[in-house]
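Report on one structure; see the data block that follows.
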Amino acid sequence: GQLVESGGGLVQAGGSLRLSCEASRSVVEINTMAWYRQAPGNQRELVASITRKVITQYAESVKDRFTISRDNAKLTMQLQMSSLEPEDTAIYYCNADLRRYWDPLKESNYWGQGTQVTVSS
């Protein structure tokens, strides 16, 4: 895949986790990157996004608890999650608009395979 997430796991309420997303070496440029999540029985929802110029947006439910960041040189993105709540339990997905070296004029949207985050009460 073009995007690979890591860093999920099980944590107690009030704890912290840091998710990472790394793009493959075939990627030459990434525009907007984002984290989405999907809990069982729910639709996938946007958690946070970050543009190439580091303009960020957050869902109201995670503001002041989560921080999104990226490293354009390393083609990576992170999500620092603090004060986790059981309601944050979900599969977290990395999403990005990116260009690959063999077709640099074409920008396509990709998803990672997801990483499970479970918050126990």
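A quick note: this is a predicted structure, and the numbers were derived from the prediction, not measured.
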ask   = Under 3.5 Å, is there a donor-acceptor pair between the side chain of Gln113 and the main chain of Val4?
value =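 Judged by distance alone, no pair lies under 3.5 Å.
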message = For Tyr110, is there any backbone N or O sitting under 3.5 Å from a side-chain donor or acceptor partner on Asn95?
response = yes
To the nearest 0.5 Å, tell me how far [X] [atom1] sits from [Y] [atom2].
X     : Y     : atom1 : atom2 : result
Asn42 : Ile91 : CG    : CD1   : 11.5 Å
Lys53 : Asn31 : NZ    : CG    : 10.0 Å
Asn72 : Ile50 : CG    : CD1   : 8.0 Å

inquiry  = Determine whether Ile30 and Arg70 satisfy the following criterion, side chain to side chain contact (heavy atoms under 4.5 Å, CB included), listing intermediate values before the conclusion.
reply    = CA-CA 10 Å; Ile30 305 178; Arg70 64 187 287 171; 3.7 Å; yes
message = Taking disulfide (SG to SG under 2.5 Å) as the cut-off, I'd like each qualifying pair that reaches into residues 26-86, sequence neighbours left out, listed once.
response =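 Every pair satisfying disulfide (SG to SG under 2.5 Å) with a residue in residues 26-86: there are none.
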request  = Keeping to residues at least two apart or across chains, list the disulfide (SG to SG under 2.5 Å) pairs with something in residues 38-115.
outcome  =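 Counting only pairs at least two positions apart or across chains, the disulfide (SG to SG under 2.5 Å) contacts touching residues 38-115 are Cys21-Cys94.
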Could you list the residues that satisfy side-chain hydrogen bond (donor to acceptor under 3.5 Å, both in side chains) with [X], not counting sequence neighbours?
X      : result
Ser26  : Gln2, Ser24
Asp88  : Arg37, Arg65
Glu22  : none
Asp103 : none

ask   = Can you name the nearest heavy-atom pair linking Gln116 to Ala90, along with the distance?
value = NE2-O, 3.4 Å
request  = Please name the pair of heavy atoms, one in Ala34 and one in Leu46, separated by the smallest distance, quoted to 0.1 Å.
outcome  = CB-CD1, 3.8 Å
ask   = So with a 6.0 Å cut-off around CD of Gln57, is the heavy-atom count from everything else above 12?
value =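 Atom CD in Gln57 is not crowded, with 12 or fewer foreign heavy atoms closer than 6.0 Å.
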query = Can you pull the ring-ring contact (aromatic ring centres under 6.0 Å, His included) pairs that have at least one residue in residues 54-99, sequence neighbours excluded?
reply = none
inquiry  = I need the full list of ring-ring contact (aromatic ring centres under 6.0 Å, His included) pairs touching residues 15-57, with sequence neighbours left out, sorted by first then second residue.
reply    =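 Residue pairs with at least one partner in residues 15-57: Tyr36-Trp111.
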key: Residues clustering with Val28 (ILVMFWY side chains joined when closer than 4.5 Å, directly or via others)   =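 Tyr101, Trp102, listed by chain and number.
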task = Please identify each residue that fulfils side-chain contact (heavy atoms from CB on, under 4.5 Å) with Lys74, with sequence neighbours left out.
result = Asp71, Thr76
Between side-chain atoms of residues 79-86 and protein atoms elsewhere (two or more places apart, or another chain), which donor-acceptor pairs fall under 3.5 Å?
residue, atom, partner, partner atom, Å
Gln80, OE1, Arg18, NH1, 3.2

request  = Could you check if a side-chain atom of Leu3 sits within less than 4.5 angstrom of a side-chain atom of Leu98, using non-hydrogen atoms only?
outcome  = yes
inquiry  = My understanding is that only residues two or more places apart in sequence, or in another chain, count here; which of them pass salt bridge (charged side-chain N to carboxylate O under 4.0 Å, His left out) with Arg99?
reply    =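 Counting only residues at least two positions away or on another chain, Arg99 forms a salt bridge (charged side-chain N to carboxylate O under 4.0 Å, His left out) with Glu29, Glu107.
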